[in-house]
Every structure is written in structure tokens, then in C-alpha cells.
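Note sheet for the following structure.
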Number of protein chains: 2
Amino acid sequence: MTPTSSPSEPVQSAAASESGATAPIVVSAGARAILDAAAAAFAKASFDSVSIADIASQAGVCKANIFHHFKSKEALYLEVMREACKGHAEFAEALLADPTLSSVDKLRRLIEYDFRTLFGNEERSHLILREILDTGCRTGRTLVEPVFLRNFTAVVGLIRQGQQRAEFTTDVDPAVLAMMVGGAAMMLFQNRCSDGLLAGVDGSADPMACANTVFRTVLGGIAARGSSPATPSRLREIP
Amino acid sequence: MTPTSSPSEPVQSAAASESGATAPIVVSAGARAILDAAAAAFAKASFDSVSIADIASQAGVCKANIFHHFKSKEALYLEVMREACKGHAEFAEALLADPTLSSVDKLRRLIEYDFRTLFGNEERSHLILREILDTGCRTGRTLVEPVFLRNFTAVVGLIRQGQQRAEFTTDVDPAVLAMMVGGAAMMLFQNRCSDGLLAGVDGSADPMACANTVFRTVLGGIAARGSSPATPSRLREIP
DNA sequence: TAACTGACTGATCGAACGGTCAGTACCGTA
DNA sequence: TACGGTACTGACCGTTCGATCAGTCAGTTA
């Protein structure tokens, strides 16, 4: 590909102008193309599996140009992760602070939001999911960890709030429940995107239907109405 | 390290002799050391991040020796995954066929089994979790996929059985529920093993306590007793 | 003793990797 | 016209990768 028609025009992050919520930092059009190509590549494969040459080829620039815009491969990866993590925990925190909604409603909205964001931007979701699992790459972990910690803390707070308001039972650890919901969303997303791992699963077609199922199950359980409460002998009170 | 004291003695899989359930195939002591080292390495990092030199060093053999026992790096990886997947779906299938247990009991035992196996062999769990997420490596996927499909099918069948017996409500998609439970287990495991991602989470310390929480939540929900059934307007009947 | 087999090694291969560098083209400013 | 700065390139560097090779050694068989 030719060196582009009009060089050096510092547009305001091509991706940001259409999504509206990402990348306030001004980057050149060339750097933008590199970041986009890198995000796509790192979402599809692990850090070591992606080569600078691949990214350069995909971005339509030469290899050396990548090192002109970014200090190293790790720095590029870090920048990609920084953009992916932007504005992720705000929703849960705002929801927690909302005085008008019931905890049940908050929980439903949270689950719906989780599924919408997860399925709404598959590339970003894959990026973050991969980062969570890949314990080998500590550089990115330092970036993703606080994001997830903030989000997780808000969700736990939301559940605890519901327990204090007597909307939820107190015999469930909020942290474990938060991980249940998060894990369910991740699993359903991963299955959908791995095109065929568990292909043919009925309910996984519609993300919002899944979200609804998760919400109703967490709230009401699956025990047939009228049956005795589940194994009271094994109940464990949370202090 | 020296070339080992007594060469060429085809022992019956050192790991198998103590665990009792794995690797009926006879492999030489040298190959065994390579497989163990490779399993540990592939559990810690992605396929491309692990080098043959690393594995050789860890196994105490030279690089070329690995290619004497295994055709290629991919073949070695495939063999590692084959051992890791061995005997994974049998429990769920046996549980499904059991005529003596109630569906509620079956569900509890299944969740307990999931957590026990997941937390009981961290190396194997990491191996499989990584494989599920890493869509780039299709060679192993062909191996893991049927394993998970079998297990998943059995779990779905178990839930459907409970619905037919009127032990579970019929307004929940068994497939989505199965993924909920699996996702919860994975999330809790991953959090535990990533030493610090969500460190300080109360309930994640004891796997069996988590299993119990998941079971009770799935069965009974978290809605305070006496409250109205969860959002009946959004109920969706499964045909 | 001789022939054969399998386990194992050091040396080495070409390819691909991340990264560097001198040089070119284009810009706004003076 | 000259200059400094930015974007960008092809050629190249040293290293590491997976894989190959000829050859050594120990044990088994004839």
C-alpha cells in the first residue's frame, strides 16, 4: 500500500468520533491505524503469537513505522489495553449510588449492561478476557486489574446493599455471587464467539434473553415453587 | 543435568502410577519427564510463549531429544492436552443415568464435582481454560471440544431431567443454566489462581463453600423469601 | 563377537522475530 | 530559500525460534 494520500493530519481518533466514548487523546491517523490493527490482532491471538510484521501489514504501514509511534511491542499492547479498558466500571458505580432504584432493579440493569457491553464489542471483550487469563503477561495485568477490581467492588456493594435492604437473602456471599454473574456472562459470550464449541445451544443465540435467564435464576432460583428451601442444613451465615 | 542414571526403562507413566486414573499408554521415563514439563509450561503460558528450549531445560534433556519422542511442538502439545482431557465427562454422564438420586441431589453432586476437579488439579484446569479461550490454536480445540461437548450435553440433560420430574421450573433454558454454573466455577477458579486479581474476596478461599453457594443460589435464588416471583412480565417459556 | 535398536547429545540450519538506523518526503514557520 | 520537526520507508542488526543432522552410548538379540 502507498504511504497514504494525505500524511500527517492529526485527526481526533477515528474510532472515537463514531463511538463517541473512547480515546480523547489525539493520535495521528497513522498511529490510529496501527492501534486498530493491533487491537484486532491481540484480540484474536496471544501477545507472543502476534508479530509486529502482522500488525504493520494489517495497518498498511511498514514495520519501522510502528516503532516510530510506539516505543516497543509492549508499549503498543499497553496502549491497546488502555483504550479497551476505558470507561468500564462507571456504570456499576453509578448504579450503586442511585437512590431511586430498588436493588432488584439495579441487579437486573447491571446484568443487562454486562451482557450488552460484552456482546456489543466482541473485539474488546476478547481482548480483556484474554488478558485476564494470560497470567504470563504482567504488564497488561496491572492495567486491567484495577478496572476489574473497581467494577467487581461496585457489584459486591450493590448486592450487599440489597441484603441490607432485605431485598436479598443474607445467606449468600456477595463476592461469590458477583463472580457467578460475571462468570456466566463470560462463559456465554465465549461460547457464542468460539463459533461451534457448544454450537446449537438454544438460548445462546440472543444475548438479552440470556441476560434475562441469568437474572431470573439468580433472583428466584430454579427449584419448583412450593418445594422446601434448598438444603438448610448446609446454610452458611455470612458475618 | 546428567543423562539420567538408568536409561531406557519403559516405566508405566510415573504420574499415572500415583494418581491411578491417567495415562494407560506406556511411555518411557524420558518422554514422561518431557510431557510433565510441557504440561506445566503450557499451563503457565500460551503455546507460542513456551519454547522447546524451556521445556527441555525443565525436563532435564536436550532440545533434540524432544523431537526424538514427539514429531513436532504441536504434536507434543496435542499429547499434553490428550492426557489433560482424559476421563472428564464420565462423571456427569454417570450421574445423569443414575436412577436412585433426585435431580436436586444430582445437581448438587455435579457442582461439587466440578469445583473439586477444577480446584484439585490447577495445572490441568489452567491448561483447559487456556485452550478454551485461545481460539487461535485450532489443533488442540479439536481435542478439547468433544470433551466439553460431552460434559455440557450431560449437564443439560440432567437439568432437563429435573424439569421433566417437576423438580425444577421449566421457564429456564437448561443450556444457559449449564453455562451459568460452568462459568461461575471457572471464574471463581481463575480468580483464586491469579493470585490477587480480586484478592481479599471472602468466600473464594474455600472451593467447597463456593460450590455450596452456587448450588443454593441456582436452586433457591437470592430473592428475600416472601417476595413476589421475579419479573413475571419478562418470563420466557421454553418450548 | 557382531549386528541392530532406541535413547540421547552437541552442532547447526534457515526462518522469523523485535528492534535500529540512515535517509526521504512533506509540512509550517521564518 | 532555508530550517526544524514529524511521518514514514527499506535495509539491516543480533537473537531466538522450531527443526534437522550425524554421531555416541547402552542394552538386546543372534
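A, B, ... follow the sequence lines: proteins, then strands. Residue 1 opens every chain. When reading the values below, keep in mind they use all heavy atoms of this one structure, side chains included, and skip hydrogens, waters and symmetry mates.
A salt bridge is absent between B/K86 and B/E83; no separation between the charged side-chain nitrogens and carboxylate oxygens falls under 4.0 Å.
Proximity of B/H69 to the phosphate of C/dG6: no side-chain N or O atom is located under 4.0 Å from OP1 or OP2. For the pair A/H68 and D/dC8, the criterion of a side-chain N or O lying under 4.0 Å from OP1 or OP2 is not met. Within the structure, every side-chain polar atom (N or O) of B/N65 is placed at least 4.0 Å from both OP1 and OP2 of C/dA7.
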Just distance, no hydrogens or angles: give the donor-acceptor pairs under 3.5 Å from side chains in residues 174-186 of chain B, sequence neighbours left out.
none

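Atom CZ in B/F70 sits roughly 15 Å away from atom P in D/dT20 (whole-Å rounding). In this structure, the CD1 atom of B/I34 is 13 Å from the C1' atom of C/dT9, given to the nearest Å. In this structure, A/I66 places its CD1 atom 15 Å from C1' of D/dG10, rounding to the nearest Å.
If you check C/dT9, C/dT20, D/dA7 against the side chain of A/A64, the one that comes closest is C/dT20.
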Any protein N or O atoms within reach of nucleotides 15-18 of chain D? Criterion: under 3.5 Å, listing atom names and distances.
residue, atom, partner, partner atom, Å
D/dG18, OP1, B/V50, O, 3.3
D/dG18, OP1, B/K73, NZ, 2.8
D/dG18, OP2, B/I52, N, 2.9
D/dG18, N7, B/K63, NZ, 3.1

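Looking at residues two or more places apart in sequence or on another chain, you find a side chain to side chain contact (heavy atoms under 4.5 Å, CB included) between A/D48 and B/D48, B/S49. In this structure, the side-chain hydrogen bond (donor to acceptor under 3.5 Å, both in side chains) partners of B/E93, at least two apart in sequence or on a different chain, are B/R150. Taking the ring-ring contact (aromatic ring centres under 6.0 Å, His included) definition, one finds that B/F91 meets it with B/Y113, sequence neighbours left out. Under the rule for a side chain to side chain contact (heavy atoms under 4.5 Å, CB included), the partners of A/L76 that lie at least two apart in sequence or sit in another chain are A/I34, A/L35, A/A38, A/I55, A/I66, A/F70, A/V80.
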